[in-house]
Amino acid sequence: MSLTTRPSAGLGLKPEFYDAALACSAKGVWFEVHPENYMVAGGPRLGWLEAIRARHPIALHGVALSLAADAEPDAAHLARLASLARRIEPALVSEHLAWSNWRGAYLPDLLPFPRTDAALARIVDNVCRTQDALGRRIAIENPAHYLALAGHQWDEVDFLAELARRSGCGLLLDVNNVHVGACNLAYSAEAYVDAFPGAHVMEVHLAGHTRDPKLGDALLIDSHDAPVAEPVWALYERLIARIGPRPTLIERDGNLPAFAALMAERDRAEGVLCAPLGKAA
Amino acid sequence: MHAVEQPLRAGALARFQDAFAQALFAPPAAPRDEVAALAAQPAFAVYRNTVLKGCIDALVANYPAVVRLTGEDWLREAAAIYAREAPPATPMLLEYGSDFAAFLARFAPAAELPYLPDVARLDRLWTQAHTAPSEDAVEPAAVARLAPEALASAVLHPHAAARWAWFDSGPIYSIWSRNRAIAPSQAALEWKPEGALLVRPHDAVEWLALDEGGCALLDACAEGRTLGDAAGAALAAQPDLDLRSLMSALLDAGAFGRLSLQHQATSCKESI
């Protein structure tokens, strides 16, 4: 089953929702997981994923290949990802424009770096190695930003477009990350979304964010623990109107509501994908 | 003539990542020059907090009985100290904290709960059982129909998900199982050594108390010794052991994954 035949909306899969996901019969629904949570030899987790995969498409959204580290992806980790991909046959595989492994330590976050020519060359090489190991094209996601980093030689949209051109990868546009980064670093979210190379977009992410407890609106955090905010929906509608429908995921990792509440957000995204405006673009 | 090797020089990206990674776990004032300006931004705390929270959340998830015994606030503080000493080595966070029991054993604030490290060991064995390869358990009937000589020379291999441990230090199994149960037993705790067996014959991990002889028998089986040898080891460890009821309990629990019959021994006997 392909997500690209008719791009539809999916939901991040949490263990709390295994039963509901298995029983879900919404048209076009699909689910996404972090592959790192399923890199086990056996057991009920893998059993659930395989059972859900038998009914719905699954996307693998990696958080740990550390493609922006100044090092090759860990060979053992890449082999585990390839093995899981053979087992699950995912509709999509994605990763982040970030680093998280460094000199033998895993730092559980998506860390920033200066977008330089050297970094681009390294990431192109790492993405190519990953695509070779998996035997498929992957999508790379724009991260959320908090820090004003010195030393950027590239604008992020140009950097991602060039990465896609050189490596042949696709892109995953996280619209909430655009909103969060634009608020934190004072750039235009609309201009970012408008400039994003639509032809490369294989998937779109929507998530909720929170305000920093001390700094409030001056620092938004990509927390995935709240409903998708209205400004993010507006950016999403603007994007889909321009580039047409793309597989879209509602991400929710914390402060989980009932499955039905998440499905309502998923259905709203599905509505945007099916809107005449999106189809016409 | 041969090429002169250039000394390896870390590039700018690697230097940035060295400094950034160091700053994540360092005290706020300490970051090196390369990232001092970054670490001074209030937003740097988002990365510090996310990385540390990721480590702590993983330990809290991996050690539920320890959390019940200490309270979550206490464990989060201990986990923060552990995480600064030993960040995860792999992104499979289910594996994180494999030596957390050893950390608790030398962690002074945990000294008033001397059984805590052993309870952590059982939490770790649970995770190992939970993620082990799947395997069909040996059916009790497959063993019951063997003749006594065939049984003594057979090898019963422990199930891939079976884990067991004997604790001389006290009723660790009772403490642990009460702190994993939704409705724990209220019976008085008898302070005596105990053993535990964790199995996953189907989907979910199950557990039961195991005698010292049972642990010795499974140790011998895991070494590939015959059931006759293993029974000898079990009786040596626990002379009053009821071997028949032990075997029946282990088989019913699904503790074995494979039965190897010693055809050579059998054919020898037949040729006499």
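In the text below, chain A, chain B and the rest are named by the order of the sequence lines, each starting its count at 1. What you see is a predicted model, and the numbers here were worked out from it, not measured in a lab.
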Option in B:Leu13, B:Asp57, B:Thr50, B:Asp203 with maximal non-hydrogen atom pairs under 4.5 Å from chain A: B:Leu13
Short side-chain to backbone donor-acceptor contact, A:Asp109 and A:Leu111, under 3.5 Å: no
Working for salt bridge (Lys or Arg N to Asp or Glu O under 4.0 Å), residues B:Arg180 and B:Asp123: CA-CA 9 Å; B:Arg180 297 283 299 216; B:Asp123 273 340; 2.7 Å; yes
Mutual orientation of the aromatic rings belonging to A:Trp48 and A:Tyr18 [parallel < 30°, tilted 30-60°, perpendicular > 60°]: parallel
Portion of A:Ala76 that has a non-hydrogen atom of chain B nearer than 4.5 angstrom: neither
B:Trp207 ring center near B:Trp176 ring center (under 6.0 Å): yes
B:Phe20 ring center within less than 6.0 Å of A:Trp99 ring center: yes
Sequence neighbours excluded, every pair satisfying salt bridge (Lys or Arg N to Asp or Glu O under 4.0 Å) that has a member inside residues 143-161 of chain A: A:Arg115-A:Glu156
Option in B:Glu135, B:Lys53, B:Arg200 with maximal non-hydrogen atom pairs under 4.5 Å from chain A: B:Arg200
Structural part of B:Ala132 lying under 4.5 Å from a heavy atom of chain A: backbone
Contacting region of A:Pro35 [heavy-atom separation from chain B under 4.5 Å]: neither
Residue A:Leu147 versus chain B: region with a heavy atom under 4.5 Å: both
Residue A:Ala118 versus chain B: region with a heavy atom under 4.5 Å: neither
A:Asn184 side chain vs A:Tyr146 backbone, donor-acceptor pair below 3.5 Å: no
Value rounded to 0.5 Å, distance of CG in A:Leu60 from CD1 in A:Ile138: 11.5 Å
Option that, when pairs with chain B are counted at under 4.5 Å, heavy atom only, ranks first among A:Gly47, A:Ala68, A:Ala119: A:Ala68
Over 12 non-hydrogen atoms of neighbours within 6.0 angstrom of CG in A:Asp253: yes
Side chain / backbone / both / neither for B:Phe16 at chain A, heavy atoms under 4.5 Å: side chain
Any side-chain heavy-atom pair of A:Leu172 and A:His205 under 4.5 Å: yes
Backbone N/O of A:Ala64 and side chain of A:Glu36: donor-acceptor pair under 3.5 Å: yes
Heavy-atom proximity to chain B below 4.5 Å, by part of A:His34: neither
Choice from A:Ala218, A:Ser223, A:Pro112 maximising heavy atom contacts with chain B below 4.5 Å: A:Pro112
A:Leu46 versus chain B, the contacting section by heavy-atom distance below 4.5 Å: neither
Within residues 74-96 of chain B, residues adjacent to chain A where the heavy-atom gap is under 4.5 Å: B:Pro87, B:Pro88, B:Ala89, B:Thr90, B:Pro91, B:Met92, B:Leu93, B:Leu94
Ion pair check, B:Arg225 and B:Glu223, cut-off under 4.0 Å: yes
Side chain / backbone / both / neither for A:Ala148 at chain B, heavy atoms under 4.5 Å: both
